[in-house]
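For reference, the structure discussed in these notes is given below.
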Amino acid sequence: PWPYDEYSLLFGNSGKSGLILMAIYKSLKKALEDIENATTLKIKTKESLPSNLFKLINLTDLYIQSSELDNLAGDFSHLTNLETLYITSPSLTLVPNTVLSLPRLKTLSLAGCNINKFDIQIGARTNIISLLLNKNNIDSLPTNLEHIESIESLNLNNNNFTQIPNALLNLIKLKSLHLDKNHLKELDIDLIIKLNQLKIISIDGNLFSDKEKSRIEYEINYIFSDV
């Protein structure tokens, strides 16, 4: 549950300048009355994003929940201070390149959508550290993942992967990989070992045979929790 009413004030530490005012809203109308201070917004919408949303240029955290939103049409380039973006819509089928390139975005969650295709525009660059694509219908990753090599945590739980994508090798900073509840029958351990920075991997709830599970447990010291 969202812990704030329509309008809440918090004080944060801005370093040399001391305390700063941060306004947290779950009403777009109220936020637009305080554009200068509105830093966090949580909204529910239907078919499209309100155009005046992009006037909130000081937003750092944006949470969007929808039942019918099927695209992210809108000028996200105005939201240059955005650091966290959570979008949930069962009608959204594509990962939008419009948000991947936001200069300060660190966390992008498109969990619980209906994404079946993940393309990255040539030349796109991102500073995203945490990417959550769990609970979608993805079965492959684009080969040009080097454009999002900043990613350290990738959540692909509850998708349709049948094998570990080779494209992951382009994520040279990847530390945490989650592939629970996919359709994996074998694990490419050589590929996993080549992910030099990887510290955490989660592969429970897949279609591994008992023999394959034993091999995985032995070779990478993995402990299955769905035994």
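Source: prediction; values computed, not measured.
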For the pair Leu177 and Leu198, evaluate side chain to side chain contact (heavy atoms under 4.5 Å, CB included) and give the outcome as yes or no after the intermediate values.
-> CA-CA 8 Å; Leu177 174 62; Leu198 193 66; 3.9 Å; yes
His183 vs Asn160, side chain to side chain contact (heavy atoms under 4.5 Å, CB included): CA-CA, chis, key distance, verdict = CA-CA 6 Å; His183 305 297; Asn160 297 325; 3.3 Å; yes
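Partner Leu41 forms a side chain to side chain contact (heavy atoms under 4.5 Å, CB included) with one of Leu53, Thr60, Ile64 and no other, that one being Leu53. Tested against Tyr25 for a side-chain hydrogen bond (donor to acceptor under 3.5 Å, both in side chains), the candidates Asp34, Thr40, Thr39 yield a single pass: Asp34. Evaluated for a side-chain hydrogen bond (donor to acceptor under 3.5 Å, both in side chains) with Asn114, the options Thr93, Asn137, Asn136 yield exactly one hit, Asn137. Between Ser109 and the choices Leu133, Leu85, Leu132, Leu131, the side chain to side chain contact (heavy atoms under 4.5 Å, CB included) rule is met once, by Leu132.
Ser130 contributes no side-chain N or O that, together with a main-chain N or O of Lys106, makes up a donor-acceptor pair within less than 3.5 Å. In this structure, Asn159 contributes its side chain and Asp139 its backbone to no donor-acceptor pair below 3.5 Å. In this structure, the side chain of Asp180 engages the main chain of Asp204 through a donor-acceptor pair within 3.5 Å. No donor-acceptor pair closer than 3.5 Å links the side chain of Asp61 to the backbone N or O of Glu83. Judged purely by atom type and a 3.5 angstrom limit, Asn206 has no side-chain atom pairing as donor or acceptor with the backbone of Phe208. Between the side chain of Ser176 and the backbone N or O of Ser153, no donor-acceptor pair lies under 3.5 Å. Under the 3.5 Å distance criterion, the side-chain polar atoms of Ser66 are matched with a main-chain donor or acceptor of Thr45. At least one donor-acceptor pair under 3.5 Å links the side chain of Asn81 to the backbone N or O of Ile57. Looking only at distances, a side-chain donor or acceptor of Arg215 sits under 3.5 Å from a matching main-chain atom of Leu187. With hydrogens and angles ignored, the 3.5 Å screen pairs no side-chain donor or acceptor of Asn157 with any backbone N or O of Asn155.
In plain terms, the two heavy atoms of Tyr222 and Ile201 that are nearest each other are CE1-O, 3.2 Å. Of all non-hydrogen atoms in Lys185 and Glu212, the two that sit nearest each other are O-CG, 3.5 Å. Considering every non-hydrogen atom in both Asp188 and Ile164, the closest pair reads N-CG1, 4.5 Å. The two atoms that bring Pro90 and Ser67 nearest to each other are CG-O, 3.7 Å, heavy atoms only. Nearest heavy atoms, Pro165 versus Leu191: O-CD1, 3.8 Å. Of all heavy-atom pairs spanning Leu56 and Ala31, the tightest one is CD2-O, 3.7 Å.
Atom CG of residue Leu207 and atom CG of residue Asn182 lie 9.0 Å apart, to the nearest 0.5 angstrom.
Taking the side chain as every heavy atom from C-beta outward, Ile151 and Lys173 never approach each other to under 4.5 Å. Side-chain contact between Val99 and Leu72 is present, with heavy atoms from C-beta onward closer than 4.5 Å. The side-chain heavy atoms of Leu49 and Phe76, taken from C-beta on, include a pair separated by under 4.5 Å.
Geometrically, Lys213 engages Phe224 in a cation-pi contact, judged by NZ or CZ lying under 6.0 Å from the ring centre and within 45° of the ring axis.
Ile172 and Leu141 fall into different hydrophobic clusters, where Ile, Leu, Val, Met, Phe, Trp and Tyr are joined by side-chain heavy atoms under 4.5 Å apart, directly or via other members. The same ILVMFWY cluster, assembled from side-chain heavy atoms under 4.5 Å apart, contains both Leu92 and Ile128. Under the 4.5 Å side-chain heavy-atom criterion for ILVMFWY residues, no single connected hydrophobic cluster contains both Leu94 and Ile87.
Between the side chains of Ser91 and Asp70, not a single donor N or O lies within less than 3.5 Å of an accepting N or O.
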